[in-house]
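Counting begins at 1 with the first residue of the sequence.
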Amino acid sequence: MEQALYIECYAGISGDMFVASLLDLGVDKDYLLSNLQTLPLEGYKINISRVKKMALDACDFNVILDVDNHDHDMQYLYEENHEHTHEHEHSHEHKHKHHEHHIHEANHTHHIHRNLNDVTTIINNSQITDNAKSIANKIFQIIAEAEAKAHGTSVEQVHFHEVGAVDSIVDITAAAICIDKLNINKVFCSSLSEGKGFVNCQHGAIPIPVPAVVNIVSANDLKLHFTNTKGELITPTGAAIIAAIKTDDSMPENFMIEKIGIGAGKRQYNIPNVVRSMLIKY
């Protein structure tokens with residue numbers, strides 16, 4: 001029998017949800033943390049815990065930044081006419097202004113503008129396996145191409161404010177470390193469920209799915225499914241991870257489930273905000 005990974009995204013997907021699901025599936029926490037420590041990167045710490053998502057027990061992988069980016073603040077993300085511009089996970093090549101409320105004198109790690117070459121250098125200067133480096137760089141390449149298309153610029157000119165900032169480098173590198181450690185050759189994925197409405201970013205409200213997600217889905221033949229949930233279920237990082245690792249479209253007709261891992265998201269929706277990963281045999 002052949003072993004494979006099946007990723008179920010009925011509540012969408014983000015980088016931290018994916019990493020948490022693989023930790024819950026059995027990737028060793030200490031192995032992940034010791035590998036991440038070799039990244040030449042500062043400005044964060046990691047907390048791994050158990051949480052309940054609508055009574056479901058799940059693993060939570062949380063990158064805690066020295067500077068808060070409000071990424072999981074529902075009111076901040078979705079409230080209309082909010083007085084602050086939101087720095088969301090999406091990257092933009094434009095310079096953006098910080099509301100003075102969010103200027104921190106202490107640590108500006110999160111606000112460094114990095115391009116794809118800068119991010120690749122950080123990943124390649126770590127001590128993670130060559131295969132994990134390759135996966136992480138592929139994920140970032142997919143995001144850079146999607147952002148370049150969204151903004152009408154080149155991959156080289158895309159500046160990662162948020163996606164290239166500390167939290168997403170950690171999320172993406174962690175995802176690559178975990179998938180490499182599982183040593184699985186086949187990866188199946190359900191269609192990606194998405195919500196509806198608008199999300200606030202530093203340029204104002206943008207429609208869901210956001211342009212980077214639309215471009216990733218389009219360029220990589222991913223299947224999209226719209227739900228009635230109000231809010232953004234798929235982040236560019238989540239979509240790019242699936243695009244980078246998915247090997248097969250059609251699930252085997254019959255299979256056995258060996259193990260299940262549930263990864264929690266940070267937001268509250270009308271459905272459990274989780275990704276479920278399964279090791280299957282067929």
Side-chain angles (χ1 to χ4, degrees), residues 4-29 31-33 35-36 46-51 53 56 58-63 71-72 89-90 123 128 131-132 134-143 146 162-163 167-184 186-194 209 212-213 216-217 220 222-225 232-248 259-267 269 271-280:
L5 179 68
Y6 170 54
I7 307 163
E8 188 182 71
C9 305
Y10 72 84
I13 185 165
S14 64
D16 57 333
M17 292 166 74
F18 176 77
V19 172
S21 75
L22 294 196
L23 286 170
D24 202 34
L25 202 60
V27 173
D28 183 64
K29 177 176 79 169
Y31 174 83
L32 172 61
L33 294 176
N35 272 270
L36 283 176
I46 291 169
N47 185 50
I48 298 168
S49 62
R50 307 299 303 180
V51 296
K53 300 299 286 187
L56 288 179
C59 176
D60 180 70
F61 176 81
N62 192 14
V63 180
D71 196 40
H72 308 299
E89 185 181 348
H90 320 301
I123 292 166
I128 65 176
N131 186 46
S134 172
I135 295 166
N137 286 324
K138 184 179 179 183
I139 295 167
F140 263 108
Q141 180 72 33
I142 288 166
I143 295 171
E162 284 70 56
V163 174
D167 51 344
S168 293
I169 293 176
V170 175
D171 278 347
I172 287 168
T173 306
I177 292 166
C178 289
I179 200 75
D180 170 63
K181 184 64 174 168
L182 277 181
N183 198 24
I184 296 278
K186 274 196 178 292
V187 179
F188 301 99
C189 184
S190 71
S191 57
L192 307 184
S193 291
E194 179 61 293
V213 167
I216 291 167
V217 167
N220 296 278
L222 300 181
K223 291 178 180 171
L224 203 57
H225 167 71
E232 175 195 31
L233 299 183
I234 306 169
T235 67
T237 298
I241 288 169
I242 297 301
I245 68 171
K246 181 172 76 82
T247 60
D248 291 80
K259 205 165 184 186
I260 299 163
I262 298 178
K266 306 293 184 291
R267 303 175 188 162
Y269 294 116
I271 52 175
N273 184 214
V274 298
V275 161
R276 190 159 60 171
S277 293
M278 305 180 197
L279 277 179
I280 64 171

Can you name the closest pair of heavy atoms from [X] and [Y] and give their distance?
X	Y	result
Ile234	Gly12	CG1-CA, 4.2 Å
Ile216	Pro236	CD1-O, 3.5 Å
Ser277	Leu5	CB-CD1, 4.1 Å
Asn273	Met17	ND2-CE, 3.6 Å
Ser191	His225	OG-CB, 3.8 Å
Ile172	Ala136	CG2-O, 3.8 Å

| query | Salt-bridged, Asp24 to Arg276, with N to O below 4.0 Å? | reply | no
| message | Show, in sequence, the C-alpha distance, side-chain angles and deciding distance for Ser21 and Phe61, and conclude whether the side chain to side chain contact (heavy atoms under 4.5 Å, CB included) test is met. | response | CA-CA 9 Å; Ser21 75; Phe61 176 81; over 6 Å; no
Starting at [atom1] of [X], measure out to [atom2] of [Y] and round the result to the nearest 0.5 Å.
X	Y	atom1	atom2	result
Cys9	Leu233	SG	CG	10.5 Å
Thr237	Ile142	OG1	CD1	11.0 Å
Lys223	Ile242	NZ	CD1	13.5 Å
Asp60	Asn47	CG	CG	7.0 Å
Ile128	Tyr31	CD1	OH	8.5 Å

| remark: Those residues at least two apart in sequence (or on a different chain) that pass salt bridge (charged side-chain N to carboxylate O under 4.0 Å, His left out) with Lys246 are Asp249
| task | Determine, step by step, whether Val51 and Ser49 satisfy the side chain to side chain contact (heavy atoms under 4.5 Å, CB included) criterion, reporting the C-alpha distance in whole Å, the side-chain angles of both residues, the deciding distance to 0.1 Å, and the verdict. | result | CA-CA 7 Å; Val51 296; Ser49 62; 4.0 Å; yes
| task | Taking the side chain as every heavy atom from C-beta outward, state whether Pro209 and Leu224 have any pair of such atoms under 4.5 Å apart. | result | yes
| said: Could you work out, with side-chain hydrogen bond (donor to acceptor under 3.5 Å, both in side chains) as the rule, every residue matching Lys29, not counting sequence neighbours? | reply: none
| request: Scan Ile245, Leu279, Ile280 and name whichever one has a side-chain contact (heavy atoms from CB on, under 4.5 Å) with Ile184. | output: Leu279
| task | Scan side-chain atoms only and decide if Thr235 and Ser14 contain a donor-acceptor pair under the 3.5 Å cut-off. | result | no
| message | Check whether Tyr269 reaches the backbone of Glu232 with its side chain - one donor and one acceptor, N or O, closer than 3.5 Å. | response | yes
| query | When you measure from the side chain of Lys53 to the backbone N and O of Ala264, does any donor-acceptor pair fall under 3.5 Å? | reply | no
| request: Take Val63 and Asp16, measure what side chain to side chain contact (heavy atoms under 4.5 Å, CB included) needs, and give me the verdict at the end. | output: CA-CA 8 Å; Val63 180; Asp16 57 333; over 6 Å; no
Taking distance alone, no hydrogens or angles, what donor-acceptor pairs closer than 3.5 Å link side-chain atoms of residues 173-182 to residues at least two apart or in another chain?
from: Thr173; atom 1: OG1; to: Ile169; atom 2: O; distance (Å): 2.7
from: Asp180; atom 1: OD1; to: Asn131; atom 2: ND2; distance (Å): 2.8
from: Asp180; atom 1: OD2; to: Thr129; atom 2: OG1; distance (Å): 2.8

| field | Working for side chain to side chain contact (heavy atoms under 4.5 Å, CB included), residues Ile241 and Ile7 | value | CA-CA 11 Å; Ile241 288 169; Ile7 307 163; over 6 Å; no
